[in-house]
Amino acid sequence: MDIKQTLTKDISSAFSALFSTGLEAKDMAIQPTRREFNGSHTLVCFPLARLSKKGPEQTAEALGSYLKENSSLVKAYNVVKGFLNLELTNETWLKVFRSIISTDDYGQLPTSGKEMMVEYSSPNTNKPLHLGHLRNNFLGWSVAEILQATGHKVHKVQIINDRGIHICKSMVAWLRYGEGETPASSGKKGDKLVGDYYVMFDQHYREEIAELEAGGMKKEVAEKEAPILKEAQALLLKWEQKDPEIYKLWEQMNQWVYAGFEATYEQMGVDFDKLYYESDTYLLGKDEVLKGVEEGVFYKKEDGSVWVDLTDEGLDQKLLLRADGTSVYMTQDIGTAILRFRDFPGISRQIYTVGNEQEYHFKVLFIILEKLGYSWAKECYHLSYGMVDLPSGKMKSREGIVVDADDLMQEMMDTAEEHTKELGKIEGLSDDQATHLYYNLGLGALKYFLLKVDPKKRMLFDPNESIQFQGHTGPFIQYTHARISAILRKSSQLGIEPSLDSTEGLELHPTERDIINTMNDFESKIKEAAESYSPDVIGQYVYDLAKEYNRFYQEVSIFNEENELALRFRVALSAVTARIIKKAMGLLGINVPDRM
RNA sequence: GGUUCCGUAGCUCAACUGGAUAGAGCAACUGCCUUCUAAGCAGUAGGUUGAAGGUUCGAGUCCUUCCGGAAUCACCA
């Protein structure tokens, strides 16, 4: 049953009975009662005064007294200024709890019939994944899970930016300086190896610019004329012409990167239903752009480059094809979007999980798609999230100021191991179990840290202040689950059934009511998280639930309880709490252990 | 310079979309393990929500101006 809905109905009829005028749900502000007052639900009566033609306090008083007499939910009320605080009956809470416990897979909403696509990750293949990618992957993956929980069919995809000038830079450096190095020959992870050459390219590029400048060339010219850059551009051209040798090298280096990425994804615990490769989609994009030229949507300059004029939309002119005919980022994104809607004609939403530095890009992309006549363009949504900053500012992969994803995950696991051993909690665990636990705790701490913040906001990561395992963290919530698991183990040993066959005369403890109240919010929180694409809503929610459970755990004894009914109820309450924690954390991609 | 976003406790983040005395965690301090896991619980202290105006019963939230910061405006991705 839905408390709020029933309450709304009761208030509405109370209002018309008392003031002989209707009150609609949208005019009612029901909010949680603040901790310092009695009650669980609060009706804000200031806006009602206008309709009741009484003062807010009198209105609240009249409503409260009427509800107490006539609503089956309301046990007591109190009025503080214009706020009507309502206390609900035990039976109401038990009813709510009974309905939750008997709902299979509570937190999974009925199917909506809608189909959506979520893109995330989408790295370039010229450098390894870093902390920013972790936020991206965890966010996109979690949003996909949350959408699934609200009943949508979801496709998780990514576009692998496997072609373009960036990968050519790594290739040039490898050709020049690599001496045939391979992951096998050097023992380096493939993505790391290719990334090293990207950095190397940049170093030599800078050196060449400096040399040219020393020779009297202007900086801007030097930046364009540096031989190593010219080489990279030539390579890109050759690649687009499918030069066999270049193509082979390109495939080779990408394979190294993919192998490296795969290991990283595995560790991150993210997956994809379908991969798109830029090398497969850019030609389609190119065709579309050329078609657009014929239709007069785009225009060609004298040098052969293709542009779109968006000055009518208050934007600029934007390049779609270079003078030498090679594609830019926008070109392939046009192709990719079209291909996706061809592959999945049923999708009603295409979500791009990409950093907010690309807001302009997506604005332009969506306008272009609309100009090209695709009606689904309006279903495209840029899930724009804030950057992860270091104390020194923005991460710069070219300058090596990055937090590497693999390293960070490893550090988290090491820290988890340290903490666990310090606390003496590895007794009775096999090596395998222990390793597994460190993984779950380390990744749990990391994921929770990155997901608990509103995605739209920029966030700070200080590598020197390692991620906590206490307080508002993943491990705190995991710990709560492990605690409950211990209780459930014991209760099953004792043969206690968590049943609710009879709850006659069962008086709930305030902490128990709080827990049920919070449990009752779960599904609306999932909806809220889905509508705003914000896993942090779930993160905050599950933290609150764990916090409330721990309060209960501290104040109320389970196995010393003499009343059989109360004992069984508490075991049941614990079991359901654990279930919700597991489900909610699962939506964030975090595993919860049974012991820790 | 144009556009967009942000500014909340020493630090990292919340605040139910305009509602009560702005909440958590970390750091600091005080209690609580002979009792279901102390990675926990309870408490103390910490704030003129960047500043000034305005809108109204009521503003961290909406409007205006100012200050400070970020992103973007590429034949980069």
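Here is how names work: the chains are called A, B, and so on, in the same order as the sequence lines, proteins then strands, and each is numbered from 1.
The aromatic ring of A:Tyr553 does not sit over the base of B:G40, since the test of centres under 5.5 Å and planes under 30° is not met. Stacking annotation: A:Phe46 is stacked on the base of B:G19 (ring centroids less than 5.5 angstrom apart, interplanar angle below 30 degrees).
Between the side chains of A:Glu548 and A:Thr518, at least one donor N or O lies within less than 3.5 Å of an accepting N or O. Between the side chains of A:Asn85 and A:Thr42, a donor-acceptor pair is found at a separation under 3.5 Å.
Here A:Arg551 does not reach the OP1 or OP2 of B:C41: none of its side-chain N or O atoms lies under 4.0 Å away. An OP1 or OP2 oxygen of B:A38 is reached within less than 4.0 angstrom by a side-chain nitrogen or oxygen of A:Arg483.
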Check the interface with nucleotides 8-13 of chain B: list each N/O to N/O pair with the protein under 3.5 Å, or write none.
unit_1 : atom_1 : unit_2   : atom_2 : d
B:C13  : OP1    : A:Leu460 : N      : 2.8

Please tabulate the protein-to-nucleotide N/O contacts below 3.5 Å involving nucleotides 58-60 of chain B, giving atom names and distances.
none

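Rounded to the nearest Å, the gap between the C1' atom of B:U65 and that of B:U21 is 31 Å. Of the C1' atoms belonging to B:C13 and B:U55, the separation is 30 Å, rounded to the nearest Å. Rounded to whole Å, the separation between the P atoms of B:A42 and B:A71 comes to 41 Å. Only the P atoms considered, B:G7 is 11 Å distant from B:U61, to the nearest whole Å. Comparing the same atom, C1', in B:G46 and in B:G40 gives a spacing of 24 Å after rounding to whole Å. Between B:C5 and B:U64, the distance separating the two P atoms is 11 Å to the nearest Å.
Nucleotide B:G2 holds its P atom 16 Å from the OH atom of A:Tyr360, rounded to whole Å.
Tested against A:Tyr352 for a ring-ring contact (aromatic ring centres under 6.0 Å, His included), the candidates A:Tyr533, A:Tyr381, A:Tyr120, A:Phe366 yield a single pass: A:Phe366.
Not counting sequence neighbours, A:Phe298 has no partner by the ring pair (Phe, Tyr, Trp, His ring centres under 6.0 Å) test.
Across all strands, A:Val79 comes closer than 4.0 Å to no nucleic acid atom at all (heavy-atom distances). At the heavy-atom level, A:Phe476 lies under 4.0 Å from the strands shown only through sugar-phosphate atoms. Nucleic acid contact for A:Ile165: sugar-phosphate only, since backbone atoms but no base atoms lie under 4.0 Å from a heavy atom of the residue.
Donor-acceptor pairing under 3.5 Å, judged by distance alone, is absent between the side chain of A:Thr480 and the base of B:A39. Residue side chain A:Thr42 reaches the base of B:A20 through a donor-acceptor N/O pair under 3.5 Å, judged by distance alone.
Interface residues of residues 315-327 of chain A facing RNA chain B, ordered by number: A:Asp316, A:Leu319, A:Arg322, A:Ala323; criterion, heavy-atom separation under 4.0 Å.
Of the candidate nucleotides B:G25, B:A39, B:A20, B:G25 has the atom nearest to the side chain of A:Lys547. Among the nucleotides B:A77, B:A24, B:A39, the one closest to the side chain of A:His419 is B:A39.
For B:U17, the glycosidic angle deviates from 0 by 90° or less, giving a syn base.
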Can I get a per-line list of side-chain donor-acceptor pairs under 3.5 Å for residues 437-451 of chain A, giving both atom names and the distance, sequence neighbours left out?
unit_1   : atom_1 : unit_2   : atom_2 : d
A:Tyr439 : OH     : A:Gln267 : O      : 2.6
A:Asn440 : OD1    : A:Asn591 : ND2    : 2.9
A:Lys447 : NZ     : A:Met268 : O      : 2.8
A:Lys447 : NZ     : A:Gly589 : O      : 2.7
A:Tyr448 : OH     : A:His472 : NE2    : 2.9
A:Tyr448 : OH     : A:Gly539 : O      : 2.6

- Intra- and interstrand pairs of RNA chain B - dot-bracket, Watson-Crick/G-U under 3.5 Å, | marks other strand: (((((((..((((.....[...)))).(((((.......))))).....(((((..]....))))))))))))....
- Item | Test ring-ring contact (aromatic ring centres under 6.0 Å, His included) applied to A:Trp250 and A:Tyr277, step by step | CA-CA 13 Å; A:Trp250 169 81; A:Tyr277 293 88; 8.9 Å; no
